[in-house]
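Numbers for residues simply follow the sequence, beginning at 1. Please read these numbers as outputs of a predicted model, since none were measured by experiment.
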Amino acid sequence: MKTSIVGYPRIGSLRELKFASEKYFKDEISAEELQKTAKDLRKSHWQIQKDNNIDFIASNDFSFYDNLLDTAMLLNVVPKRYSNLKLSKLDTYFAMARGYQGKNGDVKALAMKKWFNTNYHYMVAEIDDDTTIKLADTKPFELFKEALELNIKTKPIIIGAFTFLKLARFTGKKNMLNFIDDIIDAYSKILDEFNILNAEWIQFDEPYLVMDLSQEDINIFNELYSKILVKKGNAKILLQTYFGDVRNCYKDICSLDFDGIGLDFVEGKKSLELVQNNGFPKNKCLFAGIVNGKNIWKNNYAKSILTITELQKYSNNIVLNTSCSLLHVPYTLKNELKLADSYKKHFAYAEEKLLELYELKSILSSKNPLETQEYINNAKIFAEDRMCNNIEVQKKCANLSNSDFIRLPKFEVREKIQKDVFKLPILPTTTIGSFPQTTEVRKYRADYKKNIITEDEYNSFMENKIAECIKLQEDIGIDVLVHGEFERNDMVEYFGECLDGYIFTEKAWVQSYGTRCVKPPIVWGDISRAKPMTIKWSKYAQSLTDRFVKGMLTGPVTILNWSFPREDISLKSSAYQIALAIREEVLDLEKNGIKIIQIDEAALREKLPLRKSDWHSDYLDWAIPAFRLVHSGVKPETQIHTHMCYSEFSDIIKEIDDMDADVITFEASRSDLTILDVLKQNSFQTQSGPGVYDIHSPRIPSKEEIVKAIKKMLEKIPAEKLWINPDCGLKTRGVKETIPSLEHLVQATIEVRKNIK
């Protein structure tokens, strides 16, 4: 039995790639220095896999920004507005990822969306009618050779042709069918190149196969690979799927000339059943994804062994595999110097998951697996009482009734009441919450945490920053203000620190997109509010101005989705526990005079099951009520806002309306405001603020650009229901970009208002 991984993290165990990339963006290091950092990281990652006896070591899982963007470059899918900039290949790549504003031109970045049901974001490849798909880059082959020079033979990984086409955005009259022949030729040439290099195995990632597929989808997949695989030569081809099961196309996959098939036995609800009911081809390797690539809890060897033992009835050629890429978990527990061993023994980060694969291989190779020391040690951990239950919290959840999820009076009545209370101008302007987190802000937070400065010094600094932020917004002319969130390290971790039941890490960084990394907290036990979370700074900010200042909270579903959740209770139970805790904060904000409260649910769609048949039973039937539970107890004159970003909302827009918020802001600019049509078609009742400019790019939008966006919005959204705001929080932006961007936003709004009766 052999071991494999779907992919490995690439940002560096201490975020080396992030920091090097950001220095490159600021012209502080050269392209050569950035490339050296990348090469050193790849060498380290390959060596770690080799040291942990991984048989199928991954290559080409490395990326400077995103693997889908890498694949677009590989296939010559580079829109002309980027190639016309006449930049270097690397800078063209970053222009696609981040936008570009300089002497060579001014372009927005490509659209960005969530990678299936994860918090990772991918760049949407853009294919127009003039695009010629062809093999146009050498990155996968160069990295394969780079590993060979280290005497490490790898399994190169390529995003599959089907998934690439399904996730691409076609901007002209042509659709994916028009590009079938070209992409077959390009992938055939990829196989030719790897055959020249004597690659033994090549992994094609096809996660889109776990989605609901039509017969046309299946026919396209069959056509693609029946022709691509003709060119596989001496190389063996692994079809790798993850994030679910392949119930729509299992037989088709098995009938094609793949040498290995990777199935997910963690999230794949029907993966085992598919093998049991249909068997598995004797001439293929089954890459069995049994080590969870998305959560940090230790693998339960007893369960994994049961799964593998059952699979051995149908295949005698099994490779132990991760369920998906380890990109979605932190690097190593070795960096967690402050986390107690009593916690750490329950966890496995990326490097520890390599060891789990090796130990499972050893156990399964033994004559008496249950008597091996590795099995015994693992069983002891799972038999231990983690002392994580809170009976009072469990009772509160059990006693919830239907009325706890319903806000009265109804929306249309509240809307009239709030119009009289707030007397806001038409097209009110606001921001999503956070303001730039400067080096100085981060230093004060860190120094306070380390007891380098006193509480009085910290509070004085925060008061000054909030006062500056309020004055800045007043000077710019923004209507509804925010306090800037300078005290917050992260929109989830900050709240987790105020909740009982959470534990926190020191270096558990995970890539969210590009250079953006997050450090998800861990849900250890039952959740309750340990102390007020936002009252102090919200009250202070409101005391500084006559304008309304929003109280800023993160919603229960987003807190849960952006944490590492428990695996011993349901997600629904955890969500309701968090909702009750946030509800207490909402009611306290209201008691303390905060009239507008924003409860962000940026990640609402993230954990939506990939198959529509599971949407309600497995998710929406508790996710939407969890949000309603948070705000159902407030007065009608208290205005509830929420925010969502970088997801496909069109297919759940009615459920979003059913959240019963008063105002919702969306990410919209990167997707060219396509959400507007959906809002109109569904007679969306909630007041809306589709973002007028992209905050994940350093470019500054012009007043004219924002005027154009607002006018486009007014074609689909009534003026009395439209808010004007950026796409998302401004935390990651610099002050020099933020101020002119917001000035242009307000100037544009004032100009448009003049023409509204």
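Look at Glu415 and Lys721 and you find a salt bridge, because one of the NZ, NE, NH1 or NH2 atoms lies within 4.0 Å of a carboxylate O, short of that distance. The residues Asp662 and Arg407 are annotated as salt-bridged, a charged nitrogen and a carboxylate oxygen being separated by less than 4.0 angstrom. Look at Arg699 and Asp694 and you find no salt bridge, because none of the NZ, NE, NH1 or NH2 atoms lies under 4.0 Å from a carboxylate O. Ion pairing of Lys269 with Asp614 is present here, as a side-chain N (NZ or NE/NH1/NH2) and a carboxylate O approach within less than 4.0 Å. Salt bridge annotation for Lys635-Glu590: absent, with no cationic side-chain nitrogen under 4.0 angstrom from a carboxylate oxygen. Between Asp479 and Arg753, at least one side-chain nitrogen of the basic residue sits less than 4.0 Å from a carboxylate oxygen of the acidic one, meeting the salt-bridge criterion.
Gln418 and Gln639 get closest at one heavy-atom pair: OE1-NE2, 3.2 Å. Taking both residues in full, the closest heavy atoms of Leu589 and Gly551 are given as CD1-CA, 4.4 Å, listed atom of the first, atom of the second, then distance.
No side-chain donor-acceptor contact under 3.5 Å links Asn390 and Gln577. For the residue pair Lys550 and Gln598, a side-chain donor N or O sits within less than 3.5 Å of a side-chain acceptor on the partner. Side chains of Ser528 and Glu392: no donor on one and acceptor on the other come within 3.5 Å. The closest side-chain donor-acceptor pair between Asp621 and His616 falls under 3.5 angstrom. No side-chain donor from either of Gln473 and Arg547 sits under 3.5 Å from a side-chain acceptor of the other. Between the side chains of Asn725 and Thr430, no donor N or O sits under 3.5 Å from an acceptor N or O.
The distance from the CG atom of Leu481 to the CG atom of Asp546 is 10.5 Å, given to the nearest 0.5 Å. In this structure, CD in Glu637 is found 8.5 Å from CZ in Phe422, a value given to the nearest 0.5 Å. Within the model, atoms CG of Asn459 and CG of Asn464 stand 11.0 Å from one another, a figure rounded to the nearest 0.5 Å. Between Tyr120 atom OH and Gln511 atom CD the span is 5.0 Å, to the nearest 0.5 Å.
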Problem set entry | Derivation and outcome, salt bridge (charged side-chain N to carboxylate O under 4.0 Å, His left out), residues Asp618 and Arg611 | CA-CA 10 Å; Asp618 286 358; Arg611 295 186 178 277; over 6 Å; no
For this session: Verify salt bridge (charged side-chain N to carboxylate O under 4.0 Å, His left out) between Glu487 and Lys536, making sure each step is shown before the conclusion.
Result: CA-CA 11 Å; Glu487 79 282 7; Lys536 175 181 175 180; over 6 Å; no
For this session: Please test Lys465 against Glu468 for salt bridge (charged side-chain N to carboxylate O under 4.0 Å, His left out), starting from the C-alpha separation and ending with a verdict.
Result: CA-CA 5 Å; Lys465 290 301 297 182; Glu468 288 174 9; 3.4 Å; yes
For this session: May I have the step-by-step check of salt bridge (charged side-chain N to carboxylate O under 4.0 Å, His left out) for Asp526 and Arg566, ending in yes or no?
Result: CA-CA 9 Å; Asp526 291 334; Arg566 293 168 67 176; 2.9 Å; yes
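When the shell of 6.0 Å around CG of Asn402 is examined, it contains 12 or fewer heavy atoms from other residues, nucleotides or ligands. More than 12 heavy atoms of other shown residues, nucleotides or ligands fall within 6.0 angstrom of atom NZ in Lys716. Few gaps surround NZ on Lys519; more than 12 heavy atoms of other groups in view lie less than 6.0 Å from it. Counted within 6.0 Å of CD on Glu412, heavy atoms from surrounding residues, nucleotides or ligands total more than 12; the atom is thus considered enclosed. Heavy atoms from other residues, nucleotides or ligands lying under 6.0 Å from NZ of Lys572 number 12 at most.
The side-chain heavy atoms of Glu485 and Trp537, taken from C-beta on, include no pair separated by under 4.5 Å. For the pair Lys595/Gln542, no side-chain contact is recorded, criterion being any heavy-atom separation below 4.5 Å from C-beta on. In this structure, Thr431 and Leu742 have side chains that are in contact, with non-hydrogen atoms separated by less than 4.5 Å. Residues Pro520 and Asp490 are not in side-chain contact: their nearest non-hydrogen atoms beyond the backbone lie 4.5 Å or more apart. Looking only at side-chain heavy atoms (C-beta outward), Val482 and Met552 come within less than 4.5 Å of each other. With contacts defined as side-chain heavy-atom distances shorter than 4.5 Å, the pair Ser401/Asp404 qualifies. Between Leu68 and Met123, every side-chain heavy-atom pair lies at or beyond the 4.5 Å cut-off. You'll find the side chain of Glu667 stays beyond 4.5 Å of the side chain of Met112, heavy atoms only.
Here the rule is side-chain hydrogen bond (donor to acceptor under 3.5 Å, both in side chains) with Thr686, and of Asp657, Asp658, Asp660, Thr642 only Asp657 fits it.
Taking the six-membered ring where the residue is Trp, Trp622 and Tyr619 present perpendicular rings, their angle passing 60° and hence far from 30°. Using a 30° and 60° split on the angle between ring planes, Tyr513 and His121 fall in the perpendicular class, above 60°. Ring geometry for Trp723 versus His641: interplanar angle over 60°, hence perpendicular rather than tilted (30 to 60°).
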